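To start, the structure itself, in structure tokens.
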Amino acid sequence: MLGLTQEGGQVPPARDRGLEGIETRASSSTPQTAAVGPELAPLIRTIESEIIPRLLLAHKGAAEARGEHDARGEIPSPEHVLEFAGLVLTQDASAAARYMEAMVDQGFLLETLYLELLAPAARHLGALWEQDLCDFVDVTVALGRVQHVIREFSPVFRDNALAPKAKVRRILLTPAPGEQHSMGLMMVKEFFLRGGWEVVGGPGVPVGEVGAQLAEQWFDCVGVSAGGDCRLEGLATWIASLRAVSRNRSVSIMLGGPCFIAHPELAALLGADATAADARTAVRQAEILAARPH
């Protein structure tokens with residue numbers, strides 16, 4: 001991928017000099033981490049607590065499997081975060097994607113950019129709205145552009161996958177009943193594909209069809225996203241029903257979502273086998289569960 005500015009030149013690190021041709025509406029402040037209001041909190045939380053952490057999982061797992069050191073490489077500066085946030089606020093998603101391309105060409109690791117650029121930029125956008133520096137529509141559109149950048153880099157991310165395993169693992173990804181957010185599962189799917197898993201389902205799978213799929217096909221694991229609103233009513237009963245119909249009588253079930261990061265003990269109480277605080281842990285945990293003797 002070629003990392004070029006609109007003028008065609010390479011983009012140097014922001015701490016060495018400012019990026020030319022980029023206007024940021026937040027350049028006078030540093031990235032914010034303040035809590036945001038209830039209108040934007042689910043969007044920020046989905047990007048920060050679900051999507052990006054799960055995207056980061058496969059990189060460490062792949063590096064460890066190859067015996068490599070899990071180095072993050074160079075870390076984007078606060079100025080990088082502000083410039084990227086300004087791009088998604090004031091320009092289209094392609095400009096933000098070009099910015100990412102340029103940083104990758106400079107040697108930044110894509111996995112590090114997900115964690116140290118996209119996530120802080122999303123938090124900063126929420127803080128701008130909370131401080132009445134941007135309106136709700138502008139910030140919502142900007143967060144949509146962040147999602148577009150993630151999709152744009154998905155093929156590159158998958159190309160860096162592990163070598164095929166002797167036995168391909170299969171996972172069914174599904175939202176929990178009543179769950180409305182889908183970005184988290186989109187990213188989880190990317191990381192499992194990159195880790196060499198065969199993935200069925202994802203954000204668009206109808207919850208009512210999950211039981212039938214488990215009864216008809218063999219899956220090593222089921223990944224359930226409960227999202228940021230932590231809708232737990234009836235979840236234990238639903239999980240038990242999935243186990244009852246599963247063709248794999250020892251199928252593993254993992255729960256994900258911000259409420260399980262804060263309270264991991266809930267997963268066991270609801271009848272699941274595991275949860276994970278971030279993406280690295282999630283894929284690794286799924287591999288451990290799938291390798292258990294049944």
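All of these numbers come straight from a predicted model, not from anything done at the bench.
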Note to self: Checking one residue: Val245. Which other hydrophobic residues are in its cluster under the side-chain 4.5 Å linking rule?
What the structure shows: none

Next item on the list: Starting at CE of Met103, measure out to CG of Leu109 and round the result to the nearest 0.5 Å.
Entry: 11.0 Å

Check: Which distance, rounded to the nearest 0.5 Å, do you find between the CD of Glu152 and the CD of Gln147?
Finding: 14.0 Å

Margin query: Within the 4.5 Å heavy-atom criterion, are Cys134 and Leu89 side-chain neighbours or not?
Written below: yes

Margin query: Can you pull out every salt bridge (Lys or Arg N to Asp or Glu O under 4.0 Å) where at least one residue sits in residues 247-265? Sequence neighbours excluded, please.
Written below: none

Notebook entry, point to check: When Ile, Leu, Val, Met, Phe, Trp and Tyr are grouped by side-chain heavy atoms lying under 4.5 Å apart, directly or through other members, which residues fall in the same group as Val137?
Noted result: Val141

Note to self: Among residues at least two apart in sequence or on other chains, which ones pass side-chain hydrogen bond (donor to acceptor under 3.5 Å, both in side chains) with Thr237?
What the structure shows: none

Note to self: Before you tell me yes or no, could you show the steps for Val251 and Asp220 under side-chain contact (heavy atoms from CB on, under 4.5 Å), namely the whole-Å CA-CA distance, both residues' side-chain angles and the distance that decides it to 0.1 Å?
What the structure shows: CA-CA 5 Å; Val251 67; Asp220 297 280; over 6 Å; no

Item checked: Test log, rule side-chain contact (heavy atoms from CB on, under 4.5 Å), inputs Asn248 and Phe219 -> CA-CA 7 Å; Asn248 175 7; Phe219 292 97; 5.9 Å; no

Checklist line | Residue list, side-chain hydrogen bond (donor to acceptor under 3.5 Å, both in side chains) with Arg170, at least two apart or on another chain | finding: Glu198, Gln217

Check: Looking only at heavy atoms, what is the nearest atom pair of Val149 and Ala97, with distance?
Finding: CG2-N, 4.0 Å

Next item on the list: List in chain and number order the residues that pass side-chain contact (heavy atoms from CB on, under 4.5 Å) with Val207, two or more places apart in sequence or in another chain; answer none if no residue qualifies.
Entry: Thr174, Pro175, Pro177, Trp238

Check: If you take all heavy atoms of Ala176 and Leu235, which pair is closest and at what distance?
Finding: CB-CD1, 4.0 Å

Margin query: Tell me whether Thr90 contacts the main-chain N or O of Gly86 through its side chain, where contact means a donor paired with an acceptor under 3.5 Å.
Written below: yes

Check: Nearest heavy-atom pair of Pro76 and Glu116: which atoms, and what distance?
Finding: CD-CB, 3.5 Å

Notebook entry, point to check: In Å and rounded to the nearest 0.5 Å, what is the CG to CG distance from Leu110 to Leu117?
Noted result: 10.5 Å

Margin query: Would you say that Ile171 contacts Val222 through its side chain, given a criterion of any heavy-atom pair below 4.5 Å between the two side chains?
Written below: no

Next item on the list: Considering non-hydrogen atoms only, spot the tightest contact between Leu255 and Thr275 and give its length.
Entry: O-OG1, 2.6 Å

Check: What pairs with Arg243 under side-chain hydrogen bond (donor to acceptor under 3.5 Å, both in side chains), at least two apart in sequence or on another chain?
Finding: Asp273

Note to self: Do Ile239 and Val224 have side chains that approach each other closer than 4.5 Å (heavy atoms only, starting at C-beta)?
What the structure shows: no

Note to self: With heavy-atom distances below 4.5 Å as the criterion, would you say the side chains of His80 and Tyr99 are in contact?
What the structure shows: yes

Next item on the list: Evaluate side-chain contact (heavy atoms from CB on, under 4.5 Å) for Leu172 paired with Val210, printing each intermediate quantity in order.
Entry: CA-CA 8 Å; Leu172 174 62; Val210 172; 3.8 Å; yes

Check: Can you name the nearest heavy-atom pair linking His148 to Ala93, along with the distance?
Finding: CD2-CB, 3.2 Å

Item checked: Step-by-step side-chain contact (heavy atoms from CB on, under 4.5 Å) determination, Trp197 to Val168 -> CA-CA 6 Å; Trp197 284 65; Val168 176; 6.0 Å; no

Next item on the list: Treat each ILVMFWY residue as a node, draw an edge where side-chain heavy atoms are under 4.5 Å apart, and state whether Met254 and Ile288 are in one component.
Entry: no

Check: Is the shortest heavy-atom distance from the side chain of Arg98 to the side chain of Leu87 under 4.5 Å?
Finding: no

Next item on the list: Measure the spacing between SG of Cys221 and CD of Glu287 and express it to the nearest 0.5 Å.
Entry: 10.0 Å

Notebook entry, point to check: Would you say the side-chain atoms of Ser94 and Asp92 include a donor-acceptor pair closer than 3.5 Å?
Noted result: yes

Notebook entry, point to check: Looking at CG of Leu113 and CZ of Phe84, how far apart are the two atoms once the value is rounded to the nearest 0.5 Å?
Noted result: 9.0 Å

Notebook entry, point to check: How many angstroms lie between atom CG of Leu143 and atom CG of Asp138, to the nearest 0.5 angstrom?
Noted result: 11.0 Å

Notebook entry, point to check: Is there a donor-acceptor pair closer than 3.5 Å between any side-chain N or O of Lys189 and the backbone N or O of Val200?
Noted result: no

Next item on the list: Verify, without hydrogens or angle tests, whether His263 (side chain) and Phe260 (backbone) share a donor-acceptor contact under 3.5 angstrom.
Entry: no

Checklist line | Heavy-atom pair of closest approach, residues Ala274 and Gln285 | finding: CB-CG, 3.6 Å

